[in-house]
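Here the structure comes first, spelled out in structure tokens, and everything after it is commentary.
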Amino acid sequence: MTDDANGDAASPDQDLGEPIAELAALQEAVPERFAQRIIGAVRRRQLTSEFVGLWWTGLGRALLEFIGLAMGLIGIGEQADGSE
């Protein structure tokens, strides 16, 4: 089973977290395909989470730009020092 993008195999003594450590105590062998499907599902969720985070960040930045543009068009915040 590969654990990272480089294709390196996960070492048996590597700390994989509490839920995974509990699964290691099972008496039945887990098929390789099952482990690959679980890892693939986790990676897809991580990638989706990153895309959604970037989307919200981009949406917020665009909204701030539009607000700044609207405030500039109506003259709010243009003359902060009080001069005309």
Side-chain angles (χ1 to χ4, degrees):
M1 167 174 62
T2 59
D3 191 44
D4 60 5
N6 297 330
D8 297 333
S11 63
D13 59 342
Q14 181 181 9
D15 181 26
L16 298 175
E18 187 175 332
I20 303 299
E22 289 178 18
L23 290 175
L26 289 176
Q27 296 298 321
E28 296 182 28
V30 178
E32 182 70 22
R33 178 70 182 134
F34 176 74
Q36 289 175 350
R37 289 179 58 199
I38 297 298
I39 290 171
V42 169
R43 288 183 179 163
R44 280 191 302 276
R45 286 184 183 206
Q46 287 175 335
L47 182 63
T48 302
S49 173
E50 288 183 29
F51 279 135
V52 168
L54 289 172
W55 183 79
W56 276 110
T57 301
L59 181 64
R61 299 286 288 180
L63 182 61
L64 287 175
E65 288 295 323
F66 282 125
I67 290 172
L69 179 65
M71 291 177 79
L73 288 175
I74 61 174
I76 297 175
E78 208 171 273
Q79 300 289 332
D81 59 351
S83 62
E84 303 230 6

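Numbers for residues simply follow the sequence, beginning at 1. The shown structure was predicted, so the numbers you read here are calculated from the model rather than taken from an experiment. Heavy atoms only: backbone and side chains are in, while hydrogens, waters and symmetry mates are out.
There is no path of hydrophobic side-chain contacts, each under 4.5 Å, that joins Leu59 to Leu69.
To the nearest 0.5 angstrom, Leu54 atom CG is 12.5 Å from Arg61 atom CZ. Note that CD of Gln36 and CD1 of Ile39 are 7.5 Å apart. Values are rounded to the nearest 0.5 Å. Separating the OG1 atom in Thr48 from the CZ atom in Arg43 is a distance of 14.0 Å, to the nearest 0.5 Å.
Taking Phe51 as the reference, Leu47 meet the side chain to side chain contact (heavy atoms under 4.5 Å, CB included) condition, with sequence neighbours excluded.
In terms of modelled atom types and a separation under 3.5 Å, the side chain of Ser49 and the main chain of Arg45 share no donor-acceptor contact.
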